[in-house]
Enquirer: 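Below: one structure in structure tokens.
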Amino acid sequence: MEQRKIISIRTKLLGIILPVVIVIVVVLVGISYVISRTTIEKASENLLNTSVDKQVEEIEAWLGENLAAISAVKQSIETMGMTDEQLQVLLDGYYGYHDNYPQGLYVADASGKMMTAAGSKKTESDPTQTVWYQEGITRVNMGFTSPYTNAEGEKVISACGILKDRSGTLKVISADLSLQRIGIIVSSLVSMEQAQAFLVNRTDRTILAHRDSSLVSQKLDDSKDVFLQDVAQRLKEDDLNTVQIDGNMAAFAQVTGTDWMLVSYIPVKVVYRDVDNIRTAMMIIGIISVLLLAILIERVVYLVIRPVKGLTKAIMAMTDGDFTVHIKTRSRDEIGVMGRCMEKYAATMRSMIASIHGVSGKLQAQADSSNDVSGQMYDASKMQSASMRELNETVEQLSISVNEIAQNATTLALVVADTRENSVQVNERMRETVEVSQKGKSDMQNVGNAMQEINVSVTSLQEAIDKVGQASEEITNITNVIGNIADETNLLSLNASIEAARAGDAGRGFAVVATQIGQLAQTSAESVRNIEKLISEINGLVRNAVTQAGDSVSSINSSSHLVNGALQTFDNIFENIDMVSKLVQQMIDQVEQVDGVASNVAAISEEQAASSQEILASSDTMVEQANHITGNSESVASGAKELTDSAMELAHQIEIFKVGEGIE
């Protein structure tokens with residue numbers, strides 16, 4: 001029996017428990033990581049929204065402060081109704097007054113006249129075409145323009161509005177605020193580490209402030225940066241929720257009173273850096289926990305199943321036939337109960353096997369004795385059966401021989417009787433045969449004369465056929481001449497037709513005659529060919545007839561010789577028949593004497609055949625009984641042999657088991 005590989009219970013338990021523990025730890029780590037990530041993500045979104053709101057408040061405060069200051073100056077000018085000289089003094093006083101608009105204030109009217117501070121470098125070729133003037137004439141209260149680049153090449157926004165100074169002229173007062181200052185505010189007020197922000201005009205999506213100054217005044221749509229392009233798309237779709245864009249968490253906030261949108265963003269990897277560190281730490285802790293649990297589980301399993309290993313070894317030994325093992329167990333659990341039961345089983349098996357071992361020895365001795373006796377009986381019965389078969393065969397052969405003698409004697413008597421009758425008939429037939437042979441002799445002489453006459457006739461026929469063949473050859477020569485003449489005539493007819501055609505109308509009649517001659521020549525040629533064909537067939541037939549006539553002459557000559565030989569044979573037959581007739585008469589006399597002897601032999605043989613049949617029947621009965629005895633002896637011998645083999649097999653099986661010293 002093929003031995004299968006054993007897998008220990010400890011291996012199975014560890015193979016089941018450890019994967020479950022590992023899965024549980026992995027699931028717990030995963031759940032903790034997801035919860036931590038979600039928590040940090042929400043906290044980061046809240047912090048980013050708080051930061052962008054704070055930045056917007058600072059920008060709004062900065063813009064409101066500057067706009068309020070400039071509006072106060074505008075209101076003072078409008079209230080006081082200043083002259084140009086007073087206005088110039090005011091403008092000179094505000095030059096360099098505030099860092100946010102270091103060039104001070106300036107005023108332009110509809111005629112293109114522009115007033116600036118004395119130290120200002122502000123110049124415009126046509127103030128009425130500037131951004132600050134065009135947007136200023138549209139509002140009474142001060143407001144900010146869209147970002148633009150002034151004549152000095154600086155990127156600015158202007159606070160501007162209509163100035164009502166009672167002069168009756170449309171004037172606009174304005175002050176330039178550098179976008180660089182706004183960019184500093186936008187960049188400096190970011191509260192999250194590694195976070196960035198930029199200010200963009202929501203209407204045309206122009207960047208107003210950015211840490212990278214090269215991007216200022218550029219449109220988001222024209223940027224090659226994928227993040228900026230996605231921000232532009234969200235501004236178009238008016239989707240201003242906090243969202244992750246291209247690996248960045250972005251928040252949007254609009255500056256009140258403007259079309260400005262502040263976009264603050266931070267890389268996602270920065271947000272999740274701490275949670276990733278937590279995940280790594282949890283994974284390390286989980287691996288260490290799994291290793292500790294694996295060691296603890298392995299020790300516990302070992303202590304629990306250690307008695308099972310001893311029990312398993314004992315069962316394996318008993319499976320191999322060794323019942324000398326002893327199972328010792330002290331536990332009171334199921335394993336202890338199993339061990340005590342196996343110990344009782346081993347003791348019971350030792351007693352049973354020892355008993356079977358003694359019985360098998362006695363059984364084998366008895367089987368050997370029976371086997372010897374049955375063998376002797378079988379040999380004796382075989383010898384008796386063989387002798388009876390030989391005797392039966394001898395009697396059967398004797399019976400067959402006697403029957404054959406009786407049959408042959410009876411047949412001989414019948415044959416002799418038939419022979420005597422047939423001899424009489426043969427004698428009569430012999431006399432008739434002598435008479436017929438005399439008549440046959442005269443007939444054969446007549447046949448010989450007739451054969452000579454046929455030979456003469458066939459010779460004459462052969463000569464006539466030879467003459468026909470010569471005549472057909474002459475006819476063939478004549479047809480050849482006629483054919484040549486027909487060909488020449490046909491050629492002459494053709495030439496005549498040609499000449500008649502040359503002669504024109506005068507030769508028409510001649511042409512008709514030539515045509516008829518040509519047709520006649522052609523018909524003659526065809527007839528000649530048919531005649532040649534027929535003559536050829538006749539020549540073939542004549543040659544065959546000549547050949548057959550020659551063969552007939554040869555056959556007739558041979559037949560004449562045979563007839564002469566037959567005539568001589570008939571003379572010999574006649575003499576022999578006459579002699580046989582005399583011998584037959586003598587044989588009839590002798591057959592009558594044999595007939596009496598054969599009848600006596602047949603009667604005696606029939607009596608002997610009946611006696612041999614009775615002896616054969618008795619011999620068959622004895623052979624049948626001897627065969628029956630041999631079959632029974634063979635069955636007894638076979639049974640004794642099987643009994644011996646079974647006893648040996650039982651002893652061999654018992655020898656496998658070990659039940660103690662000296663008993664195997």
Enquirer: Could you tell me how the ring of Tyr97 sits relative to the ring of Tyr94: parallel (under 30°), tilted (30 to 60°) or perpendicular (over 60°)?
Expert: perpendicular

Enquirer: Write down the atom of Gln75, the atom of Thr79, and the distance for their closest heavy-atom approach.
Expert: O-OG1, 2.7 Å

Enquirer: Kindly say whether Thr116 contributes a backbone atom to a donor-acceptor pair with the side chain of Gln88 at under 3.5 angstrom?
Expert: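 Side chain of Gln88 to backbone of Thr116: a pair is present.
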
Enquirer: Are the side chains of Met114 and Val107 in contact, using a 4.5 Å heavy-atom criterion?
Expert: no

Enquirer: Report the C-alpha distance between Glu58 and Lys54 in whole Å, list the side-chain angles of each, state the deciding distance to 0.1 Å, and finish with yes or no for salt bridge (charged side-chain N to carboxylate O under 4.0 Å, His left out).
Expert: CA-CA 6 Å; Glu58 293 292 336; Lys54 183 179 179 181; over 6 Å; no

Enquirer: Mind checking what makes side chain to side chain contact (heavy atoms under 4.5 Å, CB included) contact with Thr256, not counting sequence neighbours?
Expert: Glu60

Enquirer: Taking it one step at a time, do Val23 and Val27 satisfy side-chain contact (heavy atoms from CB on, under 4.5 Å)?
Expert: CA-CA 6 Å; Val23 170; Val27 170; 4.1 Å; yes

Enquirer: Tell me, do Gln86 and Met80 make a side-chain contact under 4.5 Å, heavy atoms counted?
Expert: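 Sidechains of Met80 and Gln86: no contact.
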
Enquirer: Answer yes or no: is there a side-chain heavy-atom contact under 4.5 Å between Lys155 and Ser178?
Expert: no

Enquirer: Please evaluate residues Glu124 and Thr130 with respect to the criterion side chain to side chain donor-acceptor pair (under 3.5 Å), reporting the C-alpha separation (whole Å), side-chain torsions for both, the decisive distance (0.1 Å), and the verdict.
Expert: CA-CA 8 Å; Glu124 297 288 352; Thr130 60; 5.4 Å; no

Enquirer: Could you tell me whether the side chain of Val131 reaches within less than 4.5 Å of the side chain of Thr149, counting heavy atoms only?
Expert: no

Enquirer: Is the distance between the ring centroids of Phe227 and Tyr265 under 6.0 Å?
Expert: yes

Enquirer: Tell me if the centroids of the rings in Tyr148 and Trp132 come within less than 6.0 Å of each other.
Expert: no

Enquirer: Judged by atom type as modelled, is there a donor-acceptor pair below 3.5 Å linking the side chain of Thr258 to the main-chain atoms of Val255?
Expert: yes

Enquirer: Taking C-beta and beyond as the side chain, do Asn241 and Asp239 meet within less than 4.5 Å on heavy atoms?
Expert: yes

Enquirer: Can you tell me how far the CG atom of Leu240 sits from the CD atom of Glu237, to the nearest 0.5 Å?
Expert: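 Output value for this atom pair is 10.5 Å.
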
Enquirer: If you count every heavy atom of other residues, nucleotides or ligands that lies below 6.0 Å from Lys236 atom NZ, does the total exceed 12?
Expert: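 Yes, NZ of Lys236 has more than 12 neighbouring heavy atoms, counting only those of other groups under 6.0 Å.
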
Enquirer: So which atom in Gly136 and which in Val172 form the shortest heavy-atom distance, rounded to 0.1 Å?
Expert: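 Nearest pair, atom of Gly136 first, then Val172: CA-CG1, 4.0 Å.
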
Enquirer: If you take all heavy atoms of Leu67 and Ala159, which pair is closest and at what distance?
Expert: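 The pair with the smallest heavy-atom distance is CD1-CB, 3.9 Å.
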
Enquirer: Side chain of Tyr101, backbone of Asp176: donor and acceptor closer than 3.5 Å?
Expert: no

Enquirer: Is any side-chain heavy atom of Val156 less than 4.5 Å from a side-chain heavy atom of Glu154?
Expert: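 Val156 reaches Glu154 side chain to side chain.
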
Enquirer: Report the C-alpha distance between Asp84 and Lys113 in whole Å, list the side-chain angles of each, state the deciding distance to 0.1 Å, and finish with yes or no for salt bridge (charged side-chain N to carboxylate O under 4.0 Å, His left out).
Expert: CA-CA 12 Å; Asp84 290 344; Lys113 180 182 176 181; 3.8 Å; yes

Enquirer: Does the pair Ser111 and Asp109 meet the rule for a side chain to side chain donor-acceptor pair (under 3.5 Å), with working shown?
Expert: CA-CA 5 Å; Ser111 63; Asp109 58 16; 2.7 Å; yes

Enquirer: So do Glu65 and His98 actually touch side chain to side chain, heavy atoms under 4.5 Å?
Expert: yes

Enquirer: Where is the tightest heavy-atom contact between Tyr133 and Pro127, given as atom of each residue plus distance?
Expert: CB-O, 3.1 Å

Enquirer: Which pair of non-hydrogen atoms, one from Leu262 and one from Ala197, has the smallest distance, and what is that distance?
Expert: CD1-CB, 4.1 Å

Enquirer: Asn49 vs Thr242, test: side chain to side chain donor-acceptor pair (under 3.5 Å). Steps then yes/no.
Expert: CA-CA 8 Å; Asn49 288 326; Thr242 302; 2.8 Å; yes

Enquirer: Show your working on side chain to side chain donor-acceptor pair (under 3.5 Å) between Ser174 and Tyr106 and close with a plain yes or no.
Expert: CA-CA 6 Å; Ser174 177; Tyr106 49 90; 3.2 Å; yes

Enquirer: Answer yes or no: is there a side-chain heavy-atom contact under 4.5 Å between Lys164 and Val140?
Expert: yes

Enquirer: Asn66 side chain to Trp62 main-chain N or O, any donor-acceptor pair under 3.5 Å?
Expert: yes

Enquirer: Enter the distance from Lys171:NZ to Ile137:CD1 here, rounded to the nearest 0.5 Å.
Expert: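 So the gap between those two atoms works out to 15.5 Å.
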
Enquirer: Using every non-hydrogen atom in the two residues, find where Ile70 and Ala175 come nearest and quote the distance to one decimal.
Expert: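 In terms of heavy atoms, the two residues are closest at CD1-CB, 3.6 Å.
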
Enquirer: Once you round to the nearest 0.5 Å, how far does OG1 of Thr138 lie from CD1 of Ile162?
Expert: 7.5 Å

